[in-house]
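Note sheet for the following structure.
Within every chain, numbering begins at 1; the chains are lettered A, B, ... in the order of the sequence lines, protein sequences first and strands thereafter. Keep in mind it's a predicted model, so treat the numbers as computed, not measured.
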Amino acid sequence: MNKIKKILELKNPVSISELDPNFKSEVIAHPDARGLAACFSCGTCSAGCPIHEVFSEYSPKKLAKMVRLGMRKQVLSSPYIWYCATCHNCEQRCPQNVSFFNVLNVLKNMAAKEGYAPSAWVEQTKQVVKTGIVFPTEENWIKKREELSLPSLKEDHPKLKKIIELTGVNKIKPRVDKE
Amino acid sequence: MNKYALFLGCTTPTKVLQYEVASRWVCKYFGIELIDIKDFVCCGMNQVNLSIETGLLMAAMNLALAETRGLNILTLCAACTGALAEAIERLEDKATRDEVNEKLRDIRLEYKGKVKVKHISRVLYEDIGVEKIKREVKRDLSGLRVAPHYGCHYLKPRSAFEEFEKPDNPKTLHELISATGAHPIEYETLGLCCGGKAFPVSEDLAHSLVQKKLDDFMNKEVDAMVLQCQTCYLMYSDQQKKIDEEYSKYNLPILLYPQLLGLALNANPIKELGLGLHRISPDKILAKIT
Ligand code: SF4
Ligand code: SF4
């Protein structure tokens with residue numbers, strides 16, 4: 001009985017005043033997230049999601065529902081939306097052709113603009129501008145490539161720098177998590 | 001003669017050089033000419049996290065670089081394959097292509113929509129063929145039982161690979177392995193993701209996925225896993241090593257497909273296949289080959 005009570009007591013109840021009725025249409029306005037309108041919460045996406053399997057609190061179905069309810073802040077600030085392993089299972093199996101994988105990318109893009117991007121991805125983008133790849137140059141692999149008679153890698157990519165600056169993605173700041 | 005622009009990606013040429021070495025050797029063996037394009041950059045896959053637009057632009061930039069030279073692209077990484085193939089699909093739409101080309105014009109590039117991208121395994125499967133590979137085998141690998149792992153982006157998004165193979169119950173890597181004489185095993189978690197793209201954000205979650213698959217091999221008498229992506233490789237090899245520091249239960253050698261094929265073709269394991277660079281010693285495998 002106590003257990004049931006505990007389940008019924010919502011940990012962080014959401015009040016209606018906190019909901020953003022425009023959030024759903026804002027998300028669906030992006031062509032990649034258009035399919036979300038057809039979601040009927042069957043849960044097939046979560047059932048096939050490897051991250052959900054090892055960490056049940058991460059749930060594509062739940063996130064899809066939260067978007068449709070207008071839980072803007074809770075969705076965009078959630079660290080979970082960044083846990084996706086990009087396996088495409090949710091998209092492959094959805095009976096409604098929602099492509100949750102793409103919806104999630106739209107959500108991540110929105111979250112990044114609002115300052116919630118994990119530093120790992122922000123750093124990678126900064127790095128790519130410098131070396132053209134997601135890693136800084138290291139003496140150790142330059143040497144190894146020479147030893148193995150592999151061609152050297154070009155380290156300077158001004159063209160890439162230019163197009164990245166055009167998109168403004170290099171200006172995104174990483175999230176600061178308060179304890 | 002087969003000729004492709006070699007798309008190395010970020011991780012293979014810096015952290016998994018053995019994959020590059022073995023791939024170049026195998027391609028040379030079969031007369032597949034590889035052209036290095038120094039201006040290639042990251043495929044854009046991870047940038048999609050922050051900006052779908054940026055990811056697509058980076059992929060388009062790479063496609064345009066190959067197209068200008070009249071070449072199709074051969075990839076080594078499953079994720080680069082998926083990202084570039086998805087970009088090709090998106091850029092079939094004229095409006096999207098025009099939008100992207102307007103930005104590419106700033107760096108004097110244009111993508112007309114004429115490039116194909118193929119992963120090295122697919123090139124071996126389609127351009128060379130399983131029968132030809134079988135005829136070339138020089139050493140006996142029949143003592144090896146190996147677990148194939150395809151890599152999520154090798155066949156997904158599905159629409160981008162429909163004409164090659166569907167991701168639900170894939171067989172091509174199994175067939176490529178059989179062609180070398182080694183035995184590919186069937187196992188329950190075949191489709192399970194390596195967790196590589198979750199790793200930068202959560203090592204624990206990624207480790208859970210790695211363990212789940214490696215646990216599946218316990219008591220199955222598996223000699224090695226055979227992969228076709230350097231990110232999957234780093235997860236199952238280097239991260240396995242890290243997990244084993246605590247649990248010491250796996251010690252499973254990991255091979256990249258061109259290395260297995262190279263062994264069957266009697267390549268020098270160290271010089272031509274880079275087997276000396278492995279974190280988990282492949283000696284157990286070499287001992288079983290005659
Ligand atoms: S599988 Fe598709 S329809 Fe079902 S809950 Fe997930 S997104 Fe919605
Ligand atoms: S793509 Fe992401 S959300 Fe979808 S099933 Fe895979 S890990 Fe889960």
Side-chain angles (χ1 to χ4, degrees), chain A residues 30-32 48 50-51 53-55 58 79 82-89 91-92 99 101-102 105-106 108-109 112-113 117-118 120-125 127-128 131-135 137-138 141 144-145 148-154 157-160 162-164 166-170 172, chain B residues 8-11 13-15 17-18 20-21 24 36 38-42 44-55 57-58 61 79 82 103-104 106-109 152-153 156-158 167-168 191-202 204-206 208-209 211-212 271 274 277:
Chain A
H30 195 292
D32 279 39
I51 298 293
E53 209 175 320
V54 292
F55 180 64
Y58 176 85
W82 302 94
Y83 287 172
C84 168
T86 77
C87 75
H88 288 269
N89 280 357
E91 164 191 285
Q92 305 301 312
S99 186
F101 169 70
N102 285 324
N105 284 331
V106 171
K108 285 190 270 186
N109 287 190
K113 275 196 191 135
W121 296 135
V122 176
E123 287 309 317
Q124 276 206 2
T125 301
Q127 188 53 55
V128 137
T131 49
I133 57 173
V134 298
F135 305 116
T137 303
E138 277 174 36
W141 53 256
K144 257 202 233 161
R145 293 190 67 79
L148 293 162
S149 317
L150 295 169
S152 62
L153 303 178
K154 191 177 160 191
H157 293 272
K159 286 187 176 181
L160 178 64
K162 197 157 183 188
I163 56 167
I164 286 205
L166 275 180
T167 66
V169 72
N170 54 318
I172 287 173
Chain B
L8 289 168
C10 300
T11 311
T14 57
K15 297 184 191 299
L17 276 64
Q18 57 268 49
E20 182 180 344
V21 170
R24 287 186 191 269
D36 284 283
K38 296 241 178 199
D39 283 332
F40 272 156
V41 293
C42 166
M45 169 119 209
N46 289 356
Q47 276 66 41
V48 167
N49 282 309
L50 302 187
S51 160
I52 296 169
E53 185 202 4
T54 308
L57 258 180
M58 289 169 69
M61 172 179 166
K103 294 222 166 64
L104 289 183
D106 276 41
I107 53 170
R108 288 190 300 281
L109 282 172
C152 295
H153 305 110
K156 289 185 273 188
R158 170 196 294 262
D168 318 284
L192 183 64
C193 167
C194 74
K197 294 288 176 195
F199 185 75
V201 179
S202 171
D204 287 347
L205 286 179
S208 304
L209 294 189
Q211 277 177 277
K212 239 176 135 20
K271 276 201 206 124
L277 295 171

* Does the pair A:Glu53/B:Lys212 count as a salt bridge with the N-to-O cut at 4.0 Å? -> yes

* Do you see a donor-acceptor pair shorter than 3.5 Å between the side chains of A:Thr167 and B:Ser51? -> no

* **A:Pro50, part contacting chain B, at a heavy-atom distance under 4.5 Å** => both

* To do: Select one option (side chain, backbone, both, neither) describing which atoms of A:Leu148 are under 4.5 Å from chain B's heavy atoms.
  => side chain

* Structure fact -> Checked A:Trp121, A:Trp141, A:Trp82 vs chain B; the most non-hydrogen pairs under 4.5 Å come from A:Trp121

* Asked: Any side-chain heavy atom of A:Val54 within less than 4.5 Å of one from B:Asp204?
  -> no

* Pick whichever of A:Gly168, A:Gly48, A:Ser152 has the most heavy-atom pairs under 4.5 Å with chain B. => A:Ser152

* Less than 4.5 Å apart, any side-chain heavy atom of B:Asp106 and any of A:Ile163? -> no

* To do: Below 4.5 Å from any heavy atom of chain B, which atoms of A:Cys84 appear? Answer side chain, backbone, both or neither.
  => backbone

* Is any side-chain heavy atom of B:Thr54 less than 4.5 Å from a side-chain heavy atom of A:Thr125? -> no

* Asked: Are A:Arg145 and B:Glu20 close enough for a salt bridge, meaning some N to O gap below 4.0 Å?
  -> yes

* Structure fact -> Pair count under 4.5 Å, heavy atoms only, with chain A: among B:Leu57, B:Asp168, B:Leu192, highest is B:Leu57

* Which bit of A:Tyr83 is near chain B, if near means a heavy-atom gap under 4.5 Å: side chain, backbone, both or neither? -> both

* To do: For chain B, find which of A:Thr86, A:Val169, A:Val128 contributes the most heavy-atom pairs closer than 4.5 angstrom.
  => A:Thr86

* Asked: Quick one: what part of A:Ala85 sits under 4.5 Å from any heavy atom of chain B, side chain, backbone, both or neither?
  -> both

* chain B heavy atoms under 4.5 Å from A:Gln124: which part of the residue, side chain, backbone, both or neither? -> both

* Kindly indicate whether the side chain of A:Glu138, heavy atoms from C-beta on, has any atom under 4.5 Å from the side chain of B:Lys15. => yes

